[in-house]
Number of protein chains: 2
Amino acid sequence: MTTTPASTAAAKRSAGAADGGRDRAKRADALRNVESIVAAATRVLATDPDASINEIARAAGVGRVTLYGHFDSRATLVREVVDRAIAQTDASLAEVDLDGDPREALARMLEATWHLTHRFGALVVAGSQVLPPEEMRRAHDGPMARARDVLERGRAAGEFRADMPVEWQLSVFQAILHGASAAVHRGEITADDAPALVRDTTLAALSA
Amino acid sequence: MTTTPASTAAAKRSAGAADGGRDRAKRADALRNVESIVAAATRVLATDPDASINEIARAAGVGRVTLYGHFDSRATLVREVVDRAIAQTDASLAEVDLDGDPREALARMLEATWHLTHRFGALVVAGSQVLPPEEMRRAHDGPMARARDVLERGRAAGEFRADMPVEWQLSVFQAILHGASAAVHRGEITADDAPALVRDTTLAALSA
DNA sequence: CATAACTCGAACACCGACGTACAGTTTATG
DNA sequence: CATAAACTGTACGTCGGTGTTCGAGTTATG
């Protein structure tokens with residue numbers, strides 16, 4: 001082989017989040033290309049989850065063969081992209097303060113989640129087509145559990161309406177986020193206006 | 001040729017909505033099969049917009065070749081399915097009373113639209129991948145225009161909040177419908193509960 | 001009941017995307 | 001600057017989906 005496969009599935013699993021130490025030192029340009037590819041893949045797949053390897057390689061400014069030098073298969077690449085997205089999602093949401101007034105706490109969660117939804121978009125679709133569904137579940141269960149906690153605390157305090165299932169309210173939470181992302185993509189609203197609209201609308205929908 | 005192509009693209013265009021008179025009399029079982037195919041295609045594509053011809057034929061209890069005897073190509077079939085869906089959508093929404101209290105009028109629109117969204121689901125996706133985007137636009141512009149009228153009337157009357165763009169409120173309208181359909185599909189809520197939840201939540205989100 | 005219409009499965013060519021192999025060139029690094 | 005690592009395009013085999021053809025069997029209809 002002419003190029004060194006950067007990562008088998010097993011190696012990836014152990015590599016963890018970012019640029020952990022590899023077996024042997026990798027050349028600087030190789031590292032840079034891997035980053036370009038992952039970044040491009042994230043960008044492209046977030047818009048079109050069915051994008052071909054060719055499109056992704058072109059978007060990364062890299063030959064198709066080069067991409068295969070770093071990722072065994074399309075599935076491997078998607079897994080890497082999704083793993084990073086999940087990592088960043090967990091990191092971003094971990095630093096959201098869930099205490100205090102439930103309405104304000106939910107507003108903070110909406111703000112943080114909006115940016116993630118907007119950035120990653122349809123990436124969850126690309127993941128679902130390749131990765132085992134159980135893996136996707138886990139990625140969404142974390143954030144949803146946090147939102148559920150805030151929601152239930154607010155319902156107990158009489159600030160959120162309790163005449164509908166919490167599951168449904170979580171669906172609404174997701175639906176409005178997703179709808180806002182689509183609206184921005186369609187050019188109906190600007191990305192700057194989105195956070196406030198999402199916040200006001202969702203709070204209105206869920207408040208008692 | 002062993003089978004008579006039931007419909008070229010041109011013939012379809014002139015055939016209009018349902019079972020208009022064909023050139024020559026078609027046999028009864030052929031007609032029945034065409035219906036089975038369209039029904040199955042609607043059912044399958046509403047769930048998986050990327051379903052193959054094979055899956056659709058199997059779902060219709062018909063051989064793949066038989067399907068091609070009635071529809072020139074996948075695109076032709078999708079067009080027929082989408083055309084029928086649009087026709088039924090227009091028919092269902094046409095008989096919704098838009099007058100009277102804006103909130104109640106919007107509730108009636110939500111009720112009617114919910115059934116359509118639930119039945120047709122991802123069919124719009126299948127259409128977008130095959131038909132010219134302009135054709136899909138037209139299908140959604142009608143219903144959306146009606147909703148916009150009710151919305152604007154309600155805003156003027158002070159019943160709907162006017163501190164956010166109407167376009168955004170229409171996006172919310174769509175998003176909650178779509179989210180409810182997804183929630184039902186995931187089994188989080190039942191199809192029976194959905195209409196009331198959609199109505200209550202959307203009205204809460206948009207009311208002043 | 002005889003004929004024409006319809007259905008069916010198998011087989012074929014076509015196409016696009018995936019993944020691999022090879023050979024030549026560029027470039028990072030010691 | 002010499003060497004090995006990395007990048008590149010071309011070409012190839014594979015796979016799944018599409019659309020067509022054929023020949024034989026079935027069924028509606030006059």
Side-chain angles (χ1 to χ4, degrees), chain A residues 1-9 19 22-38 40-41 44-45 48-81 126 129-131, chain B residues 1-9 12 19 21-38 40-41 44-45 48-81 126 129-131:
Chain A
M1 65 186 75
T2 61
T3 60
T4 304
S7 44
T8 62
D19 50 357
R22 255 72 171 191
D23 305 326
R24 312 288 174 99
K26 294 200 59 177
R27 254 171 56 172
D29 54 349
L31 259 301
R32 234 179 315 124
N33 273 339
V34 172
E35 293 312 306
S36 300
I37 292 170
V38 173
V44 172
L45 290 177
D48 175 15
D50 295 323
S52 72
I53 291 282
N54 237 322
E55 297 176 79
I56 296 174
R58 244 187 318 109
V62 152
R64 199 169 65 96
V65 183
T66 301
L67 191 153
Y68 277 111
H70 293 298
F71 300 92
D72 304 356
S73 69
R74 190 178 194 284
T76 307
L77 173 57
V78 171
R79 178 185 295 275
E80 174 69 17
V81 169
Q129 292 172 352
V130 174
L131 275 46
Chain B
M1 63 186 73
T2 62
T3 61
T4 304
S7 46
T8 61
K12 275 217 161 325
D19 51 358
R22 256 70 169 193
D23 305 327
R24 314 288 175 100
K26 297 198 57 176
R27 252 171 59 172
D29 55 347
L31 258 301
R32 231 180 318 123
N33 273 338
V34 172
E35 292 312 305
S36 299
I37 292 169
V38 174
V44 172
L45 290 177
D48 175 15
D50 295 322
S52 72
I53 290 283
N54 238 324
E55 297 176 80
I56 296 174
R58 244 187 319 107
V62 151
R64 200 170 63 96
V65 183
T66 300
L67 191 154
Y68 277 112
H70 293 298
F71 300 93
D72 303 358
S73 69
R74 190 178 195 283
T76 306
L77 173 57
V78 171
R79 178 186 293 275
E80 174 70 15
V81 169
Q129 291 173 353
V130 175
L131 275 46

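Here the structure is a predicted model, which means the values were calculated and not measured.
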Legend entry - Partners meeting salt bridge (charged side-chain N to carboxylate O under 4.0 Å, His left out) with R27(A) (sequence neighbours left out): D29(A)

Legend entry - Short side-chain N/O contact from H70(A) to OP1 or OP2 of dA6(D), under 4.0 Å: no

Inset, instruction - Return no unless some side-chain N or O of N33(A) is found under 4.0 Å from OP1 or OP2 of dC7(D). - result: yes

Measure the distance from [atom1] on [X] to [atom2] on [N] and round it to the nearest whole Å.
{"X": "F71(B)", "N": "dT7(C)", "atom1": "CZ", "atom2": "C1'", "value": "15 Å"}
{"X": "D29(A)", "N": "dA6(D)", "atom1": "CG", "atom2": "P", "value": "8 Å"}
{"X": "K26(A)", "N": "dA6(D)", "atom1": "NZ", "atom2": "P", "value": "6 Å"}
{"X": "R58(B)", "N": "dG17(D)", "atom1": "CZ", "atom2": "P", "value": "10 Å"}
{"X": "L31(B)", "N": "dA5(C)", "atom1": "CG", "atom2": "P", "value": "15 Å"}
{"X": "L67(B)", "N": "dT21(D)", "atom1": "CG", "atom2": "P", "value": "16 Å"}

Legend entry - Quiz item: R27(B) side-chain donor-acceptor pair to dT27(D) base, under 3.5 Å: yes

For residues 55-64 of chain A, dump all side-chain donor-acceptor pairs below 3.5 Å to protein atoms at least two apart in sequence or in another chain.
| residue | atom | partner | partner atom | Å |
| --- | --- | --- | --- | --- |
| E55(A) | OE2 | S52(A) | N | 3.0 |
| E55(A) | OE2 | S52(A) | OG | 3.4 |

Is any side-chain heavy atom of [X] closer than 4.5 Å to a side-chain heavy atom of [Y]?
{"X": "D50(A)", "Y": "D50(B)", "value": "yes"}
{"X": "H70(B)", "Y": "K26(B)", "value": "yes"}
{"X": "V38(B)", "Y": "F71(B)", "value": "yes"}

Between the protein and nucleotides 12-18 of chain C, list every N/O to N/O distance that falls short of 3.5 Å.
| residue | atom | partner | partner atom | Å |
| --- | --- | --- | --- | --- |
| dC18(C) | OP1 | I53(A) | N | 3.3 |
| dC18(C) | OP1 | R74(A) | NE | 3.3 |
| dC18(C) | OP2 | I53(A) | N | 3.1 |

Inset, instruction - Applying side-chain contact (heavy atoms from CB on, under 4.5 Å), name anything that partners V130(B), two or more places apart in sequence or on another chain. - result: R74(B), A75(B), V78(B)

Legend entry - Nearest-neighbour nucleotide for the A28(A) side chain, dC8(C), dT29(C), dT20(C) considered: dT29(C)

